[in-house]
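Worksheet for the structure shown next.
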Amino acid sequence: MAFPDIVPDLKKRLPNLRGRLLANQPLGEFTWFRVGGPAQALFMPEDENDLAYALANLPHEVPITVIGAGSNLIVRDGGVEGVVIRLGRGFNAIATDANNRVTAGTAMLDVMVARAAQKAGIAGLAFFSGIPGTIGGALRMNGGAYGGETKDILIEARGIDRAGNIRTFANADMGFSYRHCSVPEDVIFTSAVFQGRAGDPEAIAAEMTAIKDKREASQPRNRTGGSTFKNPAGNNAWKVIDAAGCRGLKIGDAQVSELHCNFLINLGHATASDIETLGETVRERVKANSGVELEWEIKRIGVR
């Protein structure tokens with residue numbers, strides 16, 4: 001499907017825009033599942049000032065959706081109305097300092113931040129190497145793995161609200177909880193400062209290798225979206241999914257992974273509808289079997 005082309009009108013309204021603005025841009029290529037329809041308009045801002053200018057001047061009736069690495073995302077087959085914003089090269093700077101702090105742009109992959117910290121002898125960020133996403137996603141979801149969470153190391157985050165105002169959020173302002181932060185959804189994070197501790201680069205590298213080995217041994221390598229559901233209180237999502245007999249379950253070309261059943265995989269020709277329907281089927285079967293209501297961890301955007 002194709003949306004009405006709003007790009008010419010937007011360019012007239014935003015004459016000083018410097019980033020790329022594309023009409024009906026397919027989004028599947030930006031997601032790990034490799035499924036989904038187009039963005040009505042895809043905007044890739046040049047830098048923070050360009051993003052602030054766009055947000056301040058975009059008509060308020062135009063919906064805005066932000067995507068990152070697409071590692072924990074389903075774009076529905078009908079595509080996404082309005083403007084989809086994807087941060088790129090202007091948001092991937094990274095720096096370390098003598099106080100064991102790491103400053104990173106939110107388009108930077110978590111694993112790259114972990115590697116930069118390791119090279120600088122900064123411990124405490126190795127868990128980022130086990131999260132397949134960007135720093136922006138880690139902030140928004142309080143990303144965590146292998147004993148660490150974003151809330152444990154964040155000093156402050158910087159972002160831009162829908163009015164184009166640049167704002168700074170201390171750790172206490174983030175409202176972190178399990179796989180959640182309470183900063184308003186209209187804020188787009190642009191950078192973050194993390195506090196580590198002095199460590200031995202070789203020891204940190206060994207920790208990251210152990211995380212990589214564990215991840216590769218326990219998680220599928222297919223087209224996937226990472227952990228599908230949040231762990232229910234006092235339990236593991238994969239355990240209740242397995243107990244409901246869903247391991248290996250298929251709908252179309254989407255399958256519950258045989259290796260780790262909290263992962264859905266695209267066997268090659270799945271649609272977004274296949275994947276989301278499979279997830280909802282798993283939720284129904286788990287509730288019928290154990291009474292547990294699984295909550296989606298994967299973000300789902302767009303129209304069916």
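We're numbering straight along the sequence, starting at 1.
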Compare every heavy atom of [Y] with every heavy atom of [X], then report the nearest pair and how far apart it is.
| X | Y | result |
| --- | --- | --- |
| F3 | E81 | CZ-N, 3.8 Å |
| L73 | F33 | O-CD1, 3.5 Å |
| T134 | A107 | CG2-O, 3.7 Å |
| F127 | Y146 | CB-O, 4.4 Å |
| I131 | A145 | CG1-CB, 3.9 Å |
| P232 | L294 | CD-CD2, 4.1 Å |

With distance as the sole test, does [X] use its side chain to make a donor-acceptor pair with the main-chain N or O of [Y] at under 3.5 Å?
| X | Y | answer |
| --- | --- | --- |
| N266 | G268 | yes |
| D173 | F169 | no |
| D213 | A210 | no |
| T228 | N262 | yes |
| T106 | F189 | yes |
| T224 | L264 | yes |
| R179 | G144 | yes |
| N142 | S177 | yes |
| Q118 | P201 | yes |
| R76 | G302 | yes |

Residue list, side chain to side chain contact (heavy atoms under 4.5 Å, CB included) with A272, at least two apart or on another chain: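 Side chain to side chain contact (heavy atoms under 4.5 Å, CB included) check on A272 returns V35, I74, D77.
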
Mind checking side chain to side chain contact (heavy atoms under 4.5 Å, CB included) for T277 and listing every partner two or more places apart, or none if nothing turns up? I251, S273, T281

Answer yes or no: is there a side-chain heavy-atom contact under 4.5 Å between [X] and [Y]?
| X | Y | result |
| --- | --- | --- |
| P38 | Q25 | no |
| F91 | P45 | yes |
| R18 | N49 | yes |
| R223 | W32 | no |
| L51 | I85 | yes |
| F43 | R20 | no |
| I122 | R197 | no |
| V113 | L125 | yes |

Taking CD in E29 as the centre, count heavy atoms belonging to other residues, nucleotides or ligands within less than 6.0 Å. Is the count above 12? yes

Give the table of side-chain donor-acceptor pairs shorter than 3.5 Å for residues 233-246, with sequence neighbours excluded, one pair per line with atom names and distance.
residue : atom : partner : partner atom : Å
D242    : OD1  : R247    : NE           : 3.0
D242    : OD2  : R247    : NH2          : 3.1

Is L87 linked to M44 within one hydrophobic cluster, defined over Ile, Leu, Val, Met, Phe, Trp and Tyr using a side-chain heavy-atom separation of less than 4.5 Å?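 Different clusters: L87 never reaches M44 through Ile, Leu, Val, Met, Phe, Trp or Tyr contacts under 4.5 Å.
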
Salt bridge (charged side-chain N to carboxylate O under 4.0 Å, His left out) partners of R115, counting only residues at least two apart: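 R115 satisfies salt bridge (charged side-chain N to carboxylate O under 4.0 Å, His left out) with no residue once adjacent residues are dropped.
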
For W296, does the six-membered ring have the charged nitrogen or CZ of R300 within the cation-pi criterion, i.e. under 6.0 angstrom from the centroid and within 45° of the normal?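 Verdict for W296: a cation-pi partner in R300.
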
Single hit among L109, D110, V102 for side-chain contact (heavy atoms from CB on, under 4.5 Å) with I135: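 Answer after filtering L109, D110, V102: D110.
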
Report the distance from atom CD1 of I6 to atom CG of N24, rounding to the nearest 0.5 Å. 9.0 Å

Going by distance alone, is a donor N or O of one side chain under 3.5 Å from an acceptor N or O of the other, for T190 and E48?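 Result is yes, a qualifying pair exists.
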
Can you name the residues that form a side chain to side chain donor-acceptor pair (under 3.5 Å) with N165, not counting sequence neighbours?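 Here the qualifying residues are D161.
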
Identify every side-chain donor-acceptor pair in residues 56-65 under 3.5 Å, counting partners at least two apart or on other chains, and give the distances.
residue : atom : partner : partner atom : Å
N57     : ND2  : Y53     : O            : 2.7

Identify whether the distance between the nearest side-chain nitrogen and carboxylate oxygen of K230 and E295 falls below 4.0 Å. yes

Of R304, K299, R283, the residue whose pairing with E276 passes salt bridge (charged side-chain N to carboxylate O under 4.0 Å, His left out):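 Result: among R304, K299, R283, R304 is the only option passing the salt bridge (charged side-chain N to carboxylate O under 4.0 Å, His left out) with E276.
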
